[in-house]
Enquirer: 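I am attaching a structure below and will ask some questions about it afterwards.
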Amino acid sequence: MNTDYFKNFPDQNGLFGEFGGSFLPPALVEQFKDITHSYLTISKSHKFISELRSIRKHFQGRPTPVYFAERLSNSLGGARIYLKREDLNHTGAHKLNHCMGEGLLAKFMGKKKLIAETGAGQHGVALATAAAYFGLQCEIHMGVVDIEKEHPNVIRMKLLGANVIPVSEGAGTLKEAVDSAFKAYLEDFETSIYCIGSVVGPHPFPMLVREFQRIVGIEAREQFFEMTGELPDNVIACVGGGSNAIGLFSAFLDDPCEIYGVEPSGAATMTKGRPGVIHGFKCYLLQDDDGKPAQVCSIASGLDYPGVGPEHSYLKDIGRIKYVTADDYECLEAFYTLSRVEGIIPALESAHAIAYALKLAKQKKYQSILINLSGRGDKDIDFITEKYGFTLEEMKARFK
Ligand SMILES: *Cc1c(COP(=O)(O)O)cnc(C)c1O
């Protein structure tokens, strides 16, 4: 890696090596150019930077701490585990980092409405929060199946003033919701802006979302160094689309740290996918024999995506980051363990990163491991306890 990495990746066409780019309907090409231009000018202005800083501090509650998980570490026989506490960010996860950036950009661009899709509802809630803060309208497209499944998040979005649009086409889940949100944006691009939920989608979104998430890594690197006088030996995060991961990893690309992105075994895009195009960009993609995006399945709905960010696809190919997997059982083990041992209930997504760290700790006996705890687990507790009970032992007995 070198120091001008962030200037050159993505390049002017939005490419990270062969990945990324923008595959758009002709009517949207100019709109996306306009978003790129606005982002590259507005977000570098003093006014934008100081307003975003103030929001981070006073509304979101940043910086979030880095925490030494002492009891968990003691149970491992030598390795030291540190958690970057994105679960303590307002709304309980890292997603607000880019949603506040997207909302502020919309405000500076004079837009009136934010449009997006949501799967499990996490992005919808974070974006509805940003819209409420900036006094913008918010339209969230969501599959009817997901609306049924993720009821508490639908309530939250409505309380925050968002208009939740049910999408009944196809399977009624995330993919159809994306198509529907794109269509709505196409009809209303003068007054609205499309706000994607991760480092995915057509250029400039993988870049824009990365830049808004870099705060996680910038804080964590400084905090870790201040606590220990060293840099972490290993850095770990879970990867769905890859926004919390790239946020943390981006600060360590030039450092002598091993970096691991953890995917669920049921949506292991990086280990089992091959290059393809989805939702307007090229990336590693799980696809069936006809090249269509495959059905994926993970206990963590936030990681249930057959594609992955183009930058992760590139960083895999050049060998800078290792992409590994954790399965549902390992994720649950980590979920119960962190809750009981440290008093922190993690999101099921984040529990994948913890799970891999627990494996790694056995091989890297006297090393430090910094994990991005991307979100808190409140949203998962009803589902988990009804299905698996309240203790690790009960879970082990019930798991099939
Ligand atoms: C959405 C979500 C993720 C996955 O998204 P990325 O873009 O891969 O970060 C991970 N953790 C939590 C808590 C989430 O809500």
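Ligands are counted one by one from 1 in listed order, and the atoms in each one are counted from 1 as well.
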Enquirer: Checking Ser368 now: which residues fulfil side-chain hydrogen bond (donor to acceptor under 3.5 Å, both in side chains) with it, not counting sequence neighbours?
Expert: Asp233

Enquirer: According to the salt bridge (Lys or Arg N to Asp or Glu O under 4.0 Å) rule, which pairs have a member within residues 34-51, sequence neighbours left out?
Expert: Glu51-Lys107

Enquirer: Do Lys396 and Glu333 meet the salt-bridge criterion of a basic N to acidic O distance under 4.0 Å?
Expert: yes

Enquirer: What residues come within 4.0 Å of ligand 1, counting heavy atoms only?
Expert: His94, Lys95, Gln122, Ser198, Cys238, Val239, Gly240, Gly241, Gly242, Ser243, Asn244, Gly302, Leu303, Ala347, Glu349, Ser374, Gly375

Enquirer: Do Arg62 and Glu86 sit within salt-bridge range, that is, some charged N less than 4.0 Å from a carboxylate O?
Expert: yes

Enquirer: Who pairs with Lys111 by side-chain contact (heavy atoms from CB on, under 4.5 Å), at least two apart in sequence or on another chain?
Expert: Ala106, Met109, Ile193

Enquirer: Does NZ or CZ of Arg320 lie under 6.0 Å from the centre of the six-membered ring of Tyr5, at an angle within 45° of the ring axis?
Expert: no

